[in-house]
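What follows is a single structure, written as structure tokens, with notes after it.
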Amino acid sequence: MRVTQLLVPTTKETPNDATLPSHIFLVRAGFIQGVGSGLYNFLPLGKRSLDRVQRVVKEELDKAGAQEVSLGFVTPASLWRESGRFDKYGKELLRFKDRKDNDFVLGPTHEEMMVNLVKGSVKSYKELPLNLYQINLKFRDEIRPRFGLMRGREFLMKDGYSFHVSHEDMYREFCLMEETYKKIFTRLGLEFRIVEADSGAIGGSGSKEFMVLAESGEDTIVVCDSCEYGANIEAAVRAPKGCEVEPPEANYSLFRTPDTTTIEQLSEFFKVDPYYLVKTVAKRALLDDGESKIVLFALRGSDELQETKATNAAKANELVDISAEELEKAGLIAGYMGPVIVPEGIELICDETLKGAANLICGANEKDYHIVGVDLGALECKFSDLVAVAEGDGCPHCNGKLGYTKGIEVGHIFQLGTRYSDPLGANFLDENGKSVPFIMGTYGIGVSRLLAAIIEQHHDENGCIWTRESAPFDLTIIVSNAKDEEQMNFALSIYEELRGKGLEVLLDDSKERFGFKMKNYELIGIPYGLIIGKNLADGSVELVRREGLVKETLSTENLAEVVAGKLC
RNA sequence: CGGAGUGUAGCGCAGUCUGGUAGCGCACCUGGUUUGGGACCAGGGGGUCGAAGGUUCGAGUCCUUUCACUCCGACCA
């Protein structure tokens, strides 16, 4: 392809809403164009990169025995009602009506559609297992789209679904997909980490996320400094944590504690380690059909509440803060709440570290009073892990210490079980002629997000640095002076020769000055550049490698062979 | 939805407080000079000032309403 025929609107200026390198460079280098909040057009270069990334994904999945299909983007709402997700998915689901007033949604993910497809065509265990995927547009009406392709509303995703007769077979496929994903992300040149994750709105258990390590990542991931353990903060666990300070001895009694509403103040007041204090957090849990309830979460004062864990424990769709008036109306005293005295009708969930705990101090749910000498041994309530793992906590698998790092979620694999097949009535006949629901797994890759992730990890101050399998072209031939016939003719012949060897080559035949072309080359970030310039007269040209911008002088003798050899 | 802010040429902005013929930089077009690191000179094209209503002799500017977008928190591939 020649630059003079290619639409590449590069700019010197940065769009004012772009803050991340991936967003800035993808726009400036003419890969994408913003058209609305979270909506982007892919220009020729962007489309080429997208296609190459897609090809890698497809090749590896096909090798693993998965089959590609393409499902409708517009989905009848009835399917979503059957699975119970029409309400659960919330406002992210873009709903609309057709002319006959029927409800539809734009698919944010396609469990329902895929189950429906298989339900109608697979009847026997003999046809299983089956792994179907598609690479298609998704739409999620994000609360706050940002960061360019990183969090768009419309995005390209590969979503795969597998169907099995047993949990064992599904687990086998789950592991196969984990290996396949590793190959995909490795081929794309990404540094990533596989972490344990929360399953979120998709449902299921034992899910794993593939995180591209990058400062700008939106997820906090917890990693061990000495073993392979890694988990999203939403699902991270730690080694049991004790307290070296002696517990405060006291008999159960009320204690006056005026103006002592925070853990710090309380710790100071009693001269007691926060480990022996009970932190009680009130949240409003939003449930299906617009219902909600107030839930109290109790944990040790030395710990922080992890909201996703809390949301799951409360079986809620979402937790929101409660206003002071609401608290009062519910009979809760802000700053003095506790798990021992809870008003009627309010659910209490305690962190596991409080199970059977004694020698505690907690709120009395009475203004200016706490209770000392609290023993929760007899407390009857739900216990669940609610704690946000902190940096420095112990690893649950070894003696290492846990720390935080940031990651971009580019893949997520789930062991679904019968979460969708059951409510949607997707059954098959097993060996005994019994009708049973499919055991399923589901596997996603954010394909358009991958472009952003690659640039987040591979760029410098001058622009993009595409990895070999994600670059829109393998090589750019830069003609220093396009009006120089000798240079131009040589460039054309080497261009044809290299293309004949199967390389994707871009020829910069524009009449721009040399400096402009080099800046453009660096901004676009194709892995190699071949500079045909004034040294051509001496029988030499230069090969520049985008990563590190190292130049190498090559003889024009046998050039195509030499270049092709270096690129492969 | 909560808080903050912005809508003026393709992009980045000034002009708005204090009403009086629509500006600058980049990009674009023409001619010329230049040609190994985002050149220079001269000329040129391009705007329902987000939308609707109002005040006024006169509104980009003042008032009301509305829409869109961005930034800071809760969602996710």
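Note on naming: letters A, B, ... go to the chains in the order of the sequence lines (proteins, then strands), and numbering restarts at 1 for each one.
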Any strand counts, and the cut-off is 3.5 Å on both contacts for Watson-Crick or G-U wobble. Which nucleotide pairs with G20(B)? C57(B)

By the 4.0 Å heavy-atom rule, please label Glu218(A) as base, sugar-phosphate, or nothing. base

Is any N or O donor-acceptor pair between the side chain of Glu522(A) and the base of G37(B) shorter than 3.5 Å? yes

What's the gap between G5(B) and A14(B) when it is taken at their P atoms, as a whole Å value? 15 Å

Side chains of Val447(A) and Met157(A) in contact at under 4.5 Å (non-hydrogen atoms): no

Side-chain heavy atoms of Leu523(A) within contact of Asn462(A), under 4.5 Å: no

Of the listed nucleotides (C76(B), A77(B), A74(B)), which one gets closest to any side-chain atom of Asp219(A)? C76(B)

Counting only side-chain nitrogens and oxygens, does Arg513(A) get under 4.0 Å of the OP1 or OP2 atom of G37(B)? no

If pairing means Watson-Crick or G-U wobble with both distances under 3.5 Å, then the partner of G43(B) is C29(B)

No-H, no-angle donor-acceptor pair, Gln33(A) side chain to G10(B) base, under 3.5 Å: no

Any donor-acceptor pair under 3.5 Å joining the side chain of Glu13(A) to the base of G25(B)? yes

If the C1' atom of G50(B) is compared with that of U6(B), how far apart are they to the nearest Å? 11 Å

is_close_aromatic(Phe31(A), Trp466(A)), centroid dist under 6.0 Å: yes

Tell me if the aromatic rings of Phe185(A) and Phe210(A) count as close, with their centers under 6.0 Å from one another. yes

Assign Gln487(A) to base, sugar-phosphate, or nothing according to its heavy-atom contacts below 4.0 angstrom with the strands shown. nothing

Between the base of G37(B) and the ring of Phe516(A) - centre-to-centre under 5.5 Å, planes within under 30° - is that a stack? no

Regarding the side chain of Arg153(A), the nearest nucleotide among C69(B), A74(B), U35(B) is C69(B)

